[in-house]
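As structure tokens, the structure follows; a few thoughts come after it.
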Amino acid sequence: MKQRLNGNSAETPVSSRSLATVGLVSRELLFGRGSVLDARNHQGKFGADYIRVLASAAGLNWSQDDVDLDGVDLCLKMPGRTPRGFSPRIDVQVKTVSTLEPRKGIINFDGLDQVQFNKLAGVDFTVPRYLFVIHVPRSATSYADLLTAGLLLRHIGYYVSLGDREPVSEPHRSRHLRVKIPISNVLTAMTLRALVTESSALPTG
């Protein structure tokens, strides 16, 4: 923040107390009178925005279909020439969870019904597809924090390809399939960029 002192511009450092005050006021404005979004949609929107922020940091473009008929929440693309050709892209389905308990290095995710699973499973896709699972706090007030070091988004995103899984022959919305995600498959700006430009070099399952 800049402050004018005797006609000169000087930098005024932001103190921890100032940040705490800003955070408190912001939280009261956002959540004090009730969130505009219901909890489920708020959580889902934050998960998608989490990916958008990473995509921006990775230098990727993102886009979204005007109608979701294909099980794709976001398309991520690298403009220009890459080892995978010109302007490679991936399609992703984004899911969020507020409770995550990895066991033996594996995340057991049960949030896909069979119809959703079929839109990710197998290899019959022109564009590579991935499932992104974002672990978020239970309370929306903890989704983001302003710290002295910068902006913090919680918690962590994970990725997995279901290209090695067979689609269900007669899928039902009422039935779910477990997906195992290695805890090492962490989404960062670097891994997200690599998924788009050189996915064969990354572990995806």
Side-chain angles (χ1 to χ4, degrees), residues 39-58 60 62 64 68 70-78 84 88-125 127-138 140 142-144 152-168 171-205:
R40 184 171 176 271
N41 282 313
H42 194 174
Q43 179 174 305
K45 174 173 169 49
F46 177 76
D49 287 340
Y50 185 101
I51 300 303
R52 292 186 182 100
V53 170
L54 283 181
S56 178
L60 302 174
W62 66 268
Q64 191 171 14
D68 181 9
D70 205 22
V72 173
D73 292 316
L74 292 172
C75 164
L76 305 176
K77 182 174 71 173
M78 168 63 73
R84 275 189 58 200
R89 57 176 276 186
I90 62 173
D91 290 336
V92 302
Q93 187 172 141
V94 183
K95 294 294 183 182
T96 57
V97 292
S98 58
T99 301
L100 200 63
E101 297 180 2
R103 296 183 179 180
K104 297 182 179 179
I106 296 294
I107 297 167
N108 293 315
F109 179 69
D110 299 319
L112 287 181
D113 63 47
Q114 291 181 342
V115 174
Q116 294 171 326
F117 176 86
N118 274 9
K119 292 179 178 180
L120 294 168
V123 295
D124 297 328
F125 300 107
V127 177
R129 292 193 173 193
Y130 294 92
L131 170 66
F132 288 179
V133 176
I134 314 303
H135 180 206
V136 303
R138 292 190 179 188
S142 298
Y143 285 170
L152 172 67
L153 302 179
R154 295 188 178 93
H155 291 292
I156 299 177
Y158 303 89
Y159 68 90
V160 68
S161 168
L162 301 183
D164 61 341
R165 301 283 296 270
E166 289 292 329
V168 179
H172 295 275
R173 285 284 187 187
S174 59
R175 299 174 184 171
H176 287 68
L177 286 174
R178 172 164 289 184
V179 173
K180 295 182 180 295
I181 307 173
I183 198 171
S184 58
N185 285 16
V186 176
L187 283 169
T188 65
M190 183 178 296
T191 57
L192 190 59
R193 184 185 179 102
L195 285 175
V196 176
T197 60
E198 47 184 303
S199 57
S200 60
L202 281 177
T204 56

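Not measured: the values here are computed from a predicted model.
A distance-only check finds no donor-acceptor pair linking the side chain of Y50 to the backbone of H135 [under 3.5 Å]. When atom types are taken as modelled, the side chain of S142 and the backbone of R154 share no donor-acceptor pair closer than 3.5 angstrom.
Tested against F132 for a side chain to side chain contact (heavy atoms under 4.5 Å, CB included), the candidates L54, L76, D73 yield a single pass: L76.
Of all heavy-atom pairs spanning G157 and I134, the tightest one is CA-CD1, 3.6 Å. Listed here is the closest heavy atom pair of A189 and A58: O-CB, 3.3 Å. For the pair V133 and V97, the tightest heavy-atom approach, listed with the atom from each and the gap, is CG1-CG2, 4.0 Å. Scanning all heavy atoms of the two residues, the minimum distance from Y158 to L187 falls at O-CD1, 3.7 Å. Counting all heavy atoms, side chain and backbone alike, H172 lies closest to D113 at O-CB, 4.3 Å. Residues V160 and N185 come closest through the heavy atom pair CA-ND2, 4.4 Å.
Residues meeting the salt bridge (Lys or Arg N to Asp or Glu O under 4.0 Å) test with R165, sequence neighbours left out: none. For F46, the ring pair (Phe, Tyr, Trp, His ring centres under 6.0 Å) partners two or more places apart in sequence, or in a different chain, are Y143. For R40, there are no salt bridge (Lys or Arg N to Asp or Glu O under 4.0 Å) partners, not counting sequence neighbours. The ring pair (Phe, Tyr, Trp, His ring centres under 6.0 Å) check on H176 picks up nothing, with sequence neighbours excluded. Remark: K77 pairs with no residue by the salt bridge (Lys or Arg N to Asp or Glu O under 4.0 Å) rule, at least two apart or across chains.
Interatomic distance, CD1 of I107 versus CZ of R178, reported as 12.0 Å (0.5 Å rounding). Distance check: N118 CG to D124 CG gives 11.0 Å after rounding to the nearest 0.5 Å. Interatomic distance, L100 CG to I156 CD1, rounded to the nearest 0.5 Å: 9.0 Å. Atom OG of S56 and atom CD1 of I51 lie 12.5 Å apart (nearest 0.5 Å). Here the straight-line distance linking atom CD of Q93 with atom CZ of R129 works out to 8.5 Å at 0.5 Å rounding. Rounding to the nearest 0.5 angstrom, the gap separating the CD1 atom in I181 from the CZ atom in F109 is 6.5 Å.
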- Task: Could you check V92 against L74 for side-chain contact (heavy atoms from CB on, under 4.5 Å), going step by step and ending with a plain yes or no?
- Result: CA-CA 5 Å; V92 302; L74 292 172; 3.7 Å; yes

- Item | Intermediate values then yes/no, side-chain contact (heavy atoms from CB on, under 4.5 Å), V168 and R175 | CA-CA 11 Å; V168 179; R175 299 174 184 171; over 6 Å; no

- Item | side-chain contact (heavy atoms from CB on, under 4.5 Å) between V127 and V72, worked out | CA-CA 11 Å; V127 177; V72 173; over 6 Å; no

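In the displayed structure, D110 atom CG is contacted under 6.0 Å by more than 12 heavy atoms of other residues, nucleotides or ligands. The environment of R138 atom CZ is sparse: at most 12 non-hydrogen atoms of other residues, nucleotides or ligands sit within 6.0 angstrom.
For residues 91-100, the pairs satisfying salt bridge (charged side-chain N to carboxylate O under 4.0 Å, His left out) are R89-D91, with sequence neighbours left out.
Using a 4.5 Å cut-off on side-chain heavy atoms (C-beta onward), I90 and V196 make contact.
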